[in-house]
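Before any comments, here is the structure.
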2 protein chains.
Amino acid sequence: MSSRKPPSADPERKRDATRGKLLDRALKLFQKRGVEATTMRDIAKAAGLSLGAAYYYFPSKEALVFAYYEANQAELEEVARRASGTVRERLGIVFHAKLESIRPHRKMLSSIIQRLVDPSDPVGPFSTQTRAVREHAIGLIEQVLHASGLPVAVLPLVARALWLAQLALLLVFVNDDSPGEQRTHGLVDDLLDMLVPMLPLLGTPPGQALCIKIVDALGRAGIPVTPASLVE
Amino acid sequence: MSSRKPPSADPERKRDATRGKLLDRALKLFQKRGVEATTMRDIAKAAGLSLGAAYYYFPSKEALVFAYYEANQAELEEVARRASGTVRERLGIVFHAKLESIRPHRKMLSSIIQRLVDPSDPVGPFSTQTRAVREHAIGLIEQVLHASGLPVAVLPLVARALWLAQLALLLVFVNDDSPGEQRTHGLVDDLLDMLVPMLPLLGTPPGQALCIKIVDALGRAGIPVTPASLVE
DNA sequence: GTCTATATCCGGATAGAC
DNA sequence: GTCTATCCGGATATAGAC
């Protein structure tokens, strides 16, 4: 046990530092010029690395974008976990926080959203590589809804519906040129004010029956609405 | 008036023929190998042209995709115009026909449908470049709904909502591997059987009030729900 | 294991000659 | 209108420094 294992700490930190620097510079460039216009050569140069070294850490430009998404989702969950209040309030916090977390990177968001929905993946209508991140996002919403008193059977469907709504809101957000993106934030509140009061309707017998019909139809179409909140 | 204007007919036909051949070969290749994997060099060679000549007719690969959209939409409108029956039946005809019209090109569409959610992607359904085609498609649905007896004020909103539903159905369709894509066709009927009976609710005072609230909220968010059926 | 440097391939897009 | 030549950038591969 002379010098074999102990020195492992330092190189590992350096590795992470280099990786982090690369990601940081890439995001700055993405932000300034857009993803498309930023070249891997630019990124490598900005981080003081060679092109080959950059590819050593990130196998593609998209990998850099994807790394950002994971970091962003982690950051969001931190915020959301601390949310408290009514269901309406907590949903508001989650939705607004999502928008705010991506605000500095609106320009590159389109490339990120694009990778969320990749049906060309052999495994299913949605890609496996982004499945974890997506399920996390859905799980976050489902978790908040647990306090709504809705029957457990309808929660997965409602959570997925709200996630889709959030996706739509992101689309609006990246195209929002109003100051502070207030238009989209306003839309979030308008939407929640409309939807949340209607949620109890889904708890009634006819509401539940409707949900079951929808889940059945989706199931027959090959889109399972899993009770999957295996997150956290 | 010796030989200036008259001979214009022949060159023009040749131009169209070359253009058509290029588009035809491009679609065949898109279908066989996907859009991404098909190169402009492949397309040019398949049409017996040089790369530069291909770019003379179509300024980009995307332009070829646009041309397909337009041809497809035109074909669909022809079918839809002849539809008759109840609102439910006519919507069914339009939706099923849409699916059938893209059936031969499912592979091609699945290769680009991942760009669906990207508002900045010129090929996507939300871009300004595809606006004309999009408004036509929405107008088609709105036209059918006119026979529903719904107040005119809510029609544009409902038509747009149904168009979004149709978009989702396309997503399911291109990934449908059931024989004859029966799963998706079944989903179309399930969906319409659920939604159409609910439409009269939107004609009631509270239903109209809800619609107006939604349209207002969207308007404030910069998404005008125009009464736009300025098509036909 | 980390990184540089460089050469190469590929494909979208363009310029300019004919 | 058509071609050839070329640019540009993403991606890969490799040889070798440390």
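Each chain gets a letter, A, B and so on, in the order its sequence line appears, and its residues count up from 1.
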Can you pull every protein N or O that's under 3.5 Å from an N or O on nucleotides 4-6 of chain C?
unit_1	atom_1	unit_2	atom_2	d
C:dT4	OP1	A:Gly48	O	3.3
C:dT4	OP2	A:Ser50	N	2.9
C:dT4	OP2	A:Ser50	OG	3.3

For this session: Determine yes or no for a side-chain-to-main-chain donor-acceptor pair under 3.5 angstrom, with B:Glu77 supplying the side chain and B:Leu140 the backbone.
Result: no
For this session: Would you classify B:Arg15 as touching base, sugar-phosphate or nothing, given that sugar-phosphate means primed atoms plus P, OP1 and OP2, and contacts are heavy atoms under 4.0 Å?
Result: sugar-phosphate
Exercise. For B:Arg183, does its backbone N or O pair with a side-chain atom of B:Ser178 as donor and acceptor, under 3.5 Å?
Worked result: yes
Problem set entry | 5' to 3' contact window, DNA chain D with chain A (heavy-atom distance under 4.0 Å) | D:dG9 to D:dT12
Exercise. Between the side chain of A:Glu181 and the main-chain N/O of A:Phe173, is any donor-acceptor distance below 3.5 Å?
Worked result: no
For this session: I would like to know whether A:Leu155 and A:His146 meet side chain to side chain contact (heavy atoms under 4.5 Å, CB included); could you show each step before the answer?
Result: CA-CA 8 Å; A:Leu155 282 186; A:His146 254 104; 3.8 Å; yes
Kindly list each side-chain donor-acceptor pair under 3.5 angstrom involving residues 40-49 of chain B, sequence neighbours excluded, with atom names and distances?
unit_1	atom_1	unit_2	atom_2	d
B:Asp42	OD1	B:Thr39	OG1	3.3
B:Asp42	OD2	B:Arg33	NH2	3.0
B:Asp42	OD2	B:Thr39	N	3.2
B:Asp42	OD2	B:Thr39	OG1	3.2

Exercise. Given B:Asp24 and B:Lys21, is the side chain to side chain contact (heavy atoms under 4.5 Å, CB included) satisfied, shown in steps?
Worked result: CA-CA 5 Å; B:Asp24 175 68; B:Lys21 186 170 190 175; 5.6 Å; no
Exercise. Heavy atoms under 4.0 Å, any strand shown: does A:Tyr55 hit a base, just sugar-phosphate, or nothing?
Worked result: base
For this session: Verify, without hydrogens or angle tests, whether B:Asp190 (side chain) and A:Ala217 (backbone) share a donor-acceptor contact under 3.5 angstrom.
Result: no
Exercise. So does A:Arg103 pair up with A:Glu100, basic N to acidic O under 4.0 Å?
Worked result: yes
